[in-house]
*Asks:* 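My questions all concern the structure below.
Throughout, protein chains are lettered first and strands after them, A, B, ... in sequence-line order, and every chain is numbered starting at 1.
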2 protein chains.
Amino acid sequence: MSRSLAAEDEPPVLDYETGAAAAPAEHAAELRLWLRLLTCSTMIEGEIRRRLRERFDVTLPRFDLMAQLDRTPDGLTLSELSQRMMVSNGNVTGLVERLVESGHLSRRKAAHDRRSHLVALTPQGRRAFRAMAVEHEAWIADFFGDLAPGEIDGLMALLGKAKASTRRAVAAPADANDREENP
Amino acid sequence: MSRSLAAEDEPPVLDYETGAAAAPAEHAAELRLWLRLLTCSTMIEGEIRRRLRERFDVTLPRFDLMAQLDRTPDGLTLSELSQRMMVSNGNVTGLVERLVESGHLSRRKAAHDRRSHLVALTPQGRRAFRAMAVEHEAWIADFFGDLAPGEIDGLMALLGKAKASTRRAVAAPADANDREENP
DNA sequence: CCTGAATATTTGAAGCTTAAAACAAACCGA
DNA sequence: TCGGTTTGTTTTAAGCTTCAAATATTCAGG
């Protein structure tokens with residue numbers, strides 16, 4: 001759970017800057033949007049985490065890692081895993097270690113490149129993941145259960161725009177520095 | 001960064017269940033929506049984290065905590081903080097400890113309740129936060145910079161529905177158990 | 001073939017995060 | 001007022017996460 005300014009409303013509505021003497025409250029709408037986006041993903045993620053622990057005694061990062069491997073019979077390298085999961089390499093190293101330990105994953109040297117290792121689900125790991133995935137999908141469907149199909153599509157589309165916009169902003173930050181360096 | 005199934009598309013498009021022999025792929029749209037939502041918040045959060053570290057040498061959780069206190073001259077209790085930040089009590093204990101240590105926060109016993117403590121920004125802490133908040137707001141505005149005002153409003157509204165729906169689902173899980181116990 | 005740059009992974013330090021157990025203080029109904 | 005419950009906080013153990021440094025291997029030119 002957690003992360004950035006959270007608790008976007010519910011108790012006393014926050015929006016955290018209104019009324020702060022030194023703050024411009026210029027882009028208030030964008031700020032509120034970010035807080036709401038964060039609230040949604042934090043709520044959902046926290047509940048998934050809770051249910052995975054309760055029902056399957058598994059952590060979310062491990063479930064995520066297994067999900068990446070479920071469709072990859074031949075396995076993935078650690079680098080591929082870290083890219084797809086959007087986490088650091090060192091993080092994946094530890095997760096894989098624990099999942100190999102518990103018998104869910106196998107790990108072998110890659111044939112073509114002696115630096116890399118291929119990681120794959122064991123039959124046991126695959127069985128365990130499939131069982132979890134079925135329930136997981138039902139949970140997600142329930143979370144969004146009050147949205148009409150059109151609303152789901154609308155959200156997808158708008159989030160697609162937000163994603164593209166963020167990608168652009170991350171690639172080309174709007175800093176003072178940047179403006180000077182790249183006119 | 002990180003969290004649940006991530007890497008929603010970009011490299012080989014994932015959606016992680018299509019084609020998996022044992023999986024129904026019933027609520028595929030909801031699943032894709034969740035992955036996209038997660039991708040958006042993960043990207044934004046990761047970039048904010050990176051910039052906060054780079055520009056101000058501060059972590060995101062500390063920034064979040066200070067944000068909660070910025071509008072509260074009299075301070076908040078640890079419980080109030082943990083509720084608003086949506087993290088555990090023990091988590092807040094440690095964060096506050098480190099921020100008191102660094103001089104950003106003061107901490108005193110509450111007058112009315114001998115169990116609780118009030119935490120507030122020190123003048124130094126407030127100054128530091130305000131400086132960060134100004135840039136932070138500009139970053140967020142930039143992330144959403146390619147969205148038209150109407151699109152921002154539309155996203156807000158749809159995310160509001162998603163939030164309400166999730167809240168309902170979390171409060172009343174659609175389990176087999178539940179159906180039996182609460183007919 | 002040799003060298004320097006890029007890539008794949010591991011390691012270590014620091015910090016974040018949670019769940020659960022333990023206390024202490026406050027509250028509340030009989 | 002007593003005793004049970006709730007609430008505020010801390011502590012602990014375990015795990016997650018990142019960044020940066022260290023290794024090992026591959027790759028690309030010359």
*Asks:* Treat a base pair as Watson-Crick or G-U wobble with both distances under 3.5 Å, then lay out DNA chain D in dot-bracket form, 5' to 3', with | for cross-strand pairs.
*Replies:* ||||||||||||||||||||||||||||||

*Asks:* May I ask you to list the residues of residues 109-116 of chain A, by number, that have any heavy atom positioned under 4.0 Å from an atom of DNA chain C?
*Replies:* A/R115, A/S116

*Asks:* Just the rounded figure in Å: distance from C1' of C/dA13 to CG of A/N91.
*Replies:* 15 Å

*Asks:* From the list D/dG15, C/dC16, C/dT18, which nucleotide is the closest neighbour of the side chain of A/R62?
*Replies:* D/dG15

*Asks:* Mind checking if B/S79 touches a base, just sugar-phosphate, or nothing, with heavy atoms under 4.0 Å?
*Replies:* sugar-phosphate

*Asks:* Hey, which of B/L95, B/L99, B/V92 is the one that makes side-chain contact (heavy atoms from CB on, under 4.5 Å) with B/P61?
*Replies:* B/L95

*Asks:* With sequence neighbours excluded, what pairs up with A/S106 under the side chain to side chain contact (heavy atoms under 4.5 Å, CB included) test?
*Replies:* A/A120, A/T122

*Asks:* Rounded to whole Å, please give me the gap between CZ in B/R108 and C1' in D/dG8.
*Replies:* 16 Å

*Asks:* Excluding sequence neighbours, so at least two apart, what forms salt bridge (Lys or Arg N to Asp or Glu O under 4.0 Å) with B/D153?
*Replies:* none

*Asks:* Take atom CG of B/L60 and atom P of C/dT17, then tell me their distance rounded to the nearest Å.
*Replies:* 8 Å

*Asks:* Could you list the residues that satisfy salt bridge (Lys or Arg N to Asp or Glu O under 4.0 Å) with A/R98, not counting sequence neighbours?
*Replies:* none

*Asks:* Measure from CZ on B/R53 to P on C/dG15 and round the result to the nearest Å.
*Replies:* 10 Å

*Asks:* Check salt bridge (Lys or Arg N to Asp or Glu O under 4.0 Å) between B/R50 and all other residues, then give those that pass, not counting sequence neighbours.
*Replies:* B/E47, B/E54

*Asks:* For B/R114, which residues count as a side chain to side chain contact (heavy atoms under 4.5 Å, CB included) partner, sequence neighbours excluded?
*Replies:* none

*Asks:* Tell me: CG of B/L81 to C1' of C/dT17, nearest whole Å?
*Replies:* 16 Å

*Asks:* Rounding to an integer number of Å, can you tell me how far B/L99 CG sits from C/dC16 C1'?
*Replies:* 13 Å

*Asks:* Can you tell me the distance, in whole Å, between the CG atom of B/L52 and the C1' atom of C/dC16?
*Replies:* 15 Å

*Asks:* Within the pair A/R98 and D/dC16, is there a side-chain N or O less than 4.0 Å away from OP1 or OP2?
*Replies:* yes

*Asks:* How do B/T93 and A/N89 order along DNA chain D: which one's closest nucleotide is nearer the 5' end?
*Replies:* B/T93

*Asks:* Starting from the 5' end of DNA chain C, give me the residue, B/L95 or A/R50, whose nearest nucleotide shows up first.
*Replies:* B/L95

*Asks:* Quickly work out the A/L118 CG to C/dT9 C1' distance and round it to whole Å.
*Replies:* 13 Å

*Asks:* Side chain to side chain contact (heavy atoms under 4.5 Å, CB included) with A/A141: which residues, sequence neighbours excluded?
*Replies:* B/H27

*Asks:* Among side-chain atoms of A/R168 and A/S165, is any donor-acceptor pair under 3.5 angstrom?
*Replies:* yes

*Asks:* What residues, two or more places apart in sequence or in another chain, satisfy salt bridge (Lys or Arg N to Asp or Glu O under 4.0 Å) together with A/E151?
*Replies:* B/K161

